[in-house]
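Encoded as C-alpha cells, the structure appears first; notes follow it.
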Amino acid sequence: METLEITKDKTALAAKVTTSITGSQAVLECFIAEGVETIFGYPGGAIMPIYDALYDYQEKLKHILVRHEQGGIHAAQGYARTSGRVGVVFATSGPGATNLVTGLADAMIDSTPLVAITGQVFAHLLGTDAFQETDVINITTPVTKWNYQVTDATEIPAVLAKAFYIAKSGRPGPVLIDITKNAQIQKFDYEGYITCSHIRSYRPKPIVRKDYIERAAKLINEAQKTFVLFGQGVILGKAEKEFKQFVEKSGIPSAWTILGLSALPTDHPLNVGMLGMHGNYGPNVLTNECDVLIAVGMRFDDRVTGRLDKYARQAKIIHLDIDPSEIDKNVKTAVPVWGDCKETLPLLTSLLEQKCYPQWLQRFKDFQKEEEDVCINNELHPSTEELTMGEVIHLLNELTKGEAVIVTDVGQHQMVACRYAKFNQSRSNVTSGGLGTMGFALPAAIGAKFGAPERTVVAVIGDGGVQMTIQELGTIMQSEVDVKILILNNHFLGMVRQWQQLFNDKRYSFVDIASPDYVMVAKAYGISGNSVGNREQLKDAIAAMLHHKGSYLLEVHVGKENNVFPMVPQGCSVSEIRLK
Amino acid sequence: MKQEFTITVYTENQIGLLNRIAIIFSRRKINIDSLNTSPSEIEGIHRFTIVINETEDVVKKLARQIEKQVDVLKAFYNTDDEIVWQELALYKVSTDEIAEKVKVERLLREYGARAVVIRKDYTVFETSGHHEETDKLVKVLEPYGLIEFVRSARVAIIKASNGFHERLREFEQTDPGEDVIENEYLGKQGEVFTM
C-alpha cells in the first residue's frame, strides 16, 4: 500500500475531503504532520499493526530499532534534549510498556518532552489478564504529565495533537498514549490533522504580572550582593540569549544546576560555576551570604540546597518559573515571577540598572582560587601515577574545544564531567539529573546524535552504568550511529564507594564491580576501541577516538579510590561544603 | 497547625483522573478522610470534594499539584468555617427491636432522622449533617442491634463562591483575563488558592 497524501489545506478540509485509513496509519500521518522525523522503538504483538503501517512510511519516518525499550526511551530523551523537539518512542504492551517506566520517570523529573506510544491488547480483552496485558495507564500515571488510552481509532488525530501539545508546552514532560490493537486496525474517515493549541483545563503559561517584575527589579537594583542560580528552564524556554542579556546588564555572578549547564558558556566571566552537592566552593558558600537570590528555571532540588533550614535564610529570593507549583515548594519566595522566562527575563532586564559587582565577584574568584589549590589542580594535573577522571575530561575539553555534546551517566564520572566539561553552546550537556538513572548515557547518546547529527557526541560513562544498558551497542552497530563512548573505569561503583568510605567506615559493601573486556565487547559489535591506563597514551587515545570515523569505544582506567570533592555531606548546609 | 480542610476540584470528566488526583495524596502518605465525586453546577464539569487534616502549607502545595494536572480546571481549599457541608448516613435496625423498645417518634424528632424503608424484618433510617451529628444516632441505636451503618463522603458548598460559570467562560478562551485565571493567591496572601 502506498503512503497516503493527506491534505492540510483548510479549504479542502472545509469540503470534507476524507480518506479512509487505519488507526495505525493515522498515528503515522499525525507524526508527519507534527514534524516527527525519528522514532525509537521496539516491535511486539500488540503494536504490530503500527509497525505494519510503518513499513510503508520508511521514506518519511526514520525508525531506530533499539535493543531494549528502556534504551528506546532514553534515546528519545537524548534526542529531545539536543534537538529541542519532542522525542518519540514506540513499545508494545505488557513488558514493552513497563520497560518504559524508568525513562518516563526520568523525563518527568527532568521535564523532557516525549510522546510514548504503547500498543495494548484488544479493547474487549482489557481487564481479562490477556497475554501481555498490563495496566499501563495506571502504572504510568505518576510518571507522565498526561496519559490516555485510545480504544477507538477516530480518537487518534485529536488525542495525538493533544499529546504533542501537552508534551512540549509549558513545563515540558512525557505523555504516554496507549492504543488498543483494535483501534490500530480499525478504519475510519481521516479528515486531516489539526494541531492543538488550547485545552481549556490546561494553562501551560501563567500570565506575566508586571507588578511582580517591578518588585523583583526594585529588589535587584537595591541589592549589594546579588546571586543568580539558573537551571534547565533557560534551555527549555529557549531563552539563552535573553538570559545572557539579563546577566550581562545586571552584572550578577551566576551559577548553574547540572541541568542548567551549557545555558551560559562555561567561560563567560559571570559564570561562577556549579551549585550543589559536588558543585563549586564559592557558589555554595556564598549562597548563604548573598542578599538577593534570583532563581531562574530551577526547582531547588535537595542536591542543590543541602539542608533546607540552613539554606539562604538571609537572602530575599526571587523565583522565576513557568510552573506555579514550584513556587514556595522547597524555598520560601519573596517575589514570585511566574511565566515563561523567554518573556519574563527581557521585561526584568529592561527595568534593571546596568551594574557590576567587582568586590562581590572577587569573593567568588577567591573561593575559586582556594578550590583550585586544594582540589581542582590535583584533579586536572595530578602528580600521582594513577589517572584521574578530571584529567580525562580536561583533555577532552582541549581536543573538542567546548563544541561537543557530552552525555553522561550517573555517579562520580557524571559529577566530574559536569564540573570540568567546557561548553560554548547550549544543549550540549545531556545527563540524568533528577532521577539519577544509571544506564542512561549510552542510549541517550544515540538519541543525542540523531537530535544533533552535525555535532560530535561523546558519552562519558562509568563502568557500572555502561553495563546496565550495554546492549545498545547493538543499536549503534546496526544504525551506524557515530557516538564516541568514553568509559571511565575505576573498577568500582565509585559514588557509593565514596560514601561508604566517608560515612560507613570503608565498609565496601557490594561496590566492587567486575568489568568485561570492553574493547572486545565493542569489537564483537563491530565497533573499534581502545583501552588505556597511563598518562603518556591518554591524549593520543582521546584524539584517536574523536578523529575516528564512526562510533568508537575508549576505556580509560582511572584511580580506583579517587573521590569527588568538594562535597556537601548529606544533612549539611551548603556553606559547610568540604574541600577534602 | 493541622486542621480540617476541604479541597474542591473542578475537572473534566476523564477516566483515570480520580487515580491521578488520589496519588497526589498517597505519594506523600497523606490520608484522605473523605472523597466525593459528583457533577457540578455546569454540565460536563465534575467536582471533587476532598477532606483532609493537614497544615495550610501542605494543603496549598497539594492544591497546586492537583491544579497542575492537565484535566483539572481549578482547585480551591477552604477551612470548615468557609463552607457549608453535609454528610448523609443510613442506619439499618431490626424493626421488632426498634418498635418494641424505642420511642421511634422521639428518635425521629431529636435526631432529624427519616425512615426510608420500613419492613417487617428491618427498618432503614437516614440522617444528614456533620459527622458528629450522624454519629450520635449510631450511639443511640447500637444497644438495639445496629445491623448496618454507612456514611457518605462530605459534600460542600463554598460560602464565598459565585460558581464556576464565569471562570469556565474565561478558561474556554485562548487568552483568559488575568483576574479570573491567575495569581489571585498572590494578592490575597494565600487566602484563596488559584493558579
Side-chain angles (χ1 to χ4, degrees), chain A residues 108 126 135-151 155 159 162-163 165-167 169-171 173 175-176 178 196-212 215 319 321-330 332-339, chain B residues 9-28 42 44-46 56-58 60-75 164 167-187 189-190 193-195:
Chain A
M108 185 71 176
L126 287 171
D135 185 355
V136 178
I137 293 296
N138 280 308
I139 286 178
T140 61
T141 294
V143 291
T144 50
K145 186 173 173 186
W146 189 66
N147 60 9
Y148 188 82
Q149 185 173 60
V150 173
T151 51
E155 297 178 280
V159 166
K162 213 172 148 180
Y165 173 58
I166 291 168
S169 60
R171 179 176 181 175
V175 172
L176 181 138
D178 194 36
C196 177
S197 60
H198 177 65
I199 298 168
R200 69 177 182 182
S201 60
Y202 172 59
R203 307 244 70 85
K205 283 184 195 177
I207 293 169
V208 176
R209 295 269 287 237
K210 297 239 165 55
D211 41 340
Y212 286 90
R215 273 171 53 183
H319 194 172
D321 209 290
I322 198 165
D323 178 356
S325 73
E326 286 302 336
I327 307 289
D328 291 345
K329 188 184 81 178
N330 294 332
K332 195 82 189 146
T333 307
V335 183
V337 181
W338 294 349
Chain B
V9 191
Y10 286 90
T11 75
E12 298 291 354
N13 181 13
Q14 188 78 259
I15 293 172
L17 186 56
L18 172 61
N19 184 34
R20 217 171 243 287
I21 290 175
I23 60 175
I24 289 172
F25 296 88
S26 56
R27 176 180 174 185
R28 293 165 178 81
I42 299 166
I45 302 281
H46 270 233
E56 183 170 358
D57 187 48
V58 169
K60 190 189 287 178
K61 286 175 186 171
L62 289 168
R64 284 184 180 176
Q65 293 297 333
I66 293 170
E67 198 164 283
K68 188 166 150 175
Q69 305 307 317
V70 170
D71 295 313
V72 169
L73 289 140
K74 209 85 198 127
F164 207 70
R167 277 178 191 275
L168 187 67
R169 272 194 293 279
E170 291 283 343
F171 274 113
E172 280 171 347
Q173 316 221 330
T174 320
D175 297 309
E178 63 180 35
D179 289 345
V180 179
I181 300 298
E182 329 251 0
N183 300 10
E184 248 168 62
Y185 130 85
L186 290 174
Q189 290 303 315
F193 173 77
T194 172
M195 191 170 125

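Note that the coordinates shown come from a computational prediction; the quantities given were computed from them, not determined experimentally. Below, chain A is the first sequence line, B the second, and so on; all start at residue 1.
- Of the inter-residue distances, the one linking B:Lys68 atom NZ with A:Tyr202 atom OH reads 10.5 Å to the nearest 0.5 angstrom.
- Here the CD1-OG1 distance, from B:Ile15 to A:Thr151, works out to 8.0 Å after rounding to the nearest 0.5 Å.
- Contacts of B:Ile24 with chain A are absent, with no heavy-atom separation under 4.5 Å from either backbone or side chain.
- Heavy-atom minimum distance, A:Lys162 versus B:Gln14: NZ-NE2, 4.1 Å.
- Considering every non-hydrogen atom in both A:Lys145 and B:Val70, the closest pair reads O-CG2, 3.9 Å.
- Only the side chain of A:Asp323 comes within less than 4.5 Å of a heavy atom of chain B; its backbone N, CA, C and O stay farther away.
- With rounding to the nearest 0.5 angstrom, the OG atom of A:Ser325 is 11.5 Å from the CD1 atom of B:Ile66.
- Put simply, the side chain of A:Lys329 does not reach to within 4.5 Å of the side chain of B:Arg64, judged on heavy atoms.
- Comparing B:Leu73, B:Thr11, B:Ile45, B:Asp57 by how many heavy-atom pairs each has under 4.5 Å with chain A, the most go to B:Leu73.
- With B:Arg20 as reference, A:Thr144 is the one residue of A:Thr141, A:Asn138, A:Thr144 to meet the side chain to side chain donor-acceptor pair (under 3.5 Å) rule.
- The contact between A:Ile166 and chain B is made entirely by side chain atoms (from C-beta outward), counting heavy-atom distances below 4.5 Å.
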I'd like to know whether B:Glu12 forms a salt bridge (Lys or Arg N to Asp or Glu O under 4.0 Å) with A:Arg200, so could you lay out the CA-CA distance, the side-chain angles of the two residues, the decisive distance to 0.1 Å, and finally the verdict.
CA-CA 9 Å; B:Glu12 298 291 354; A:Arg200 69 177 182 182; 2.6 Å; yes

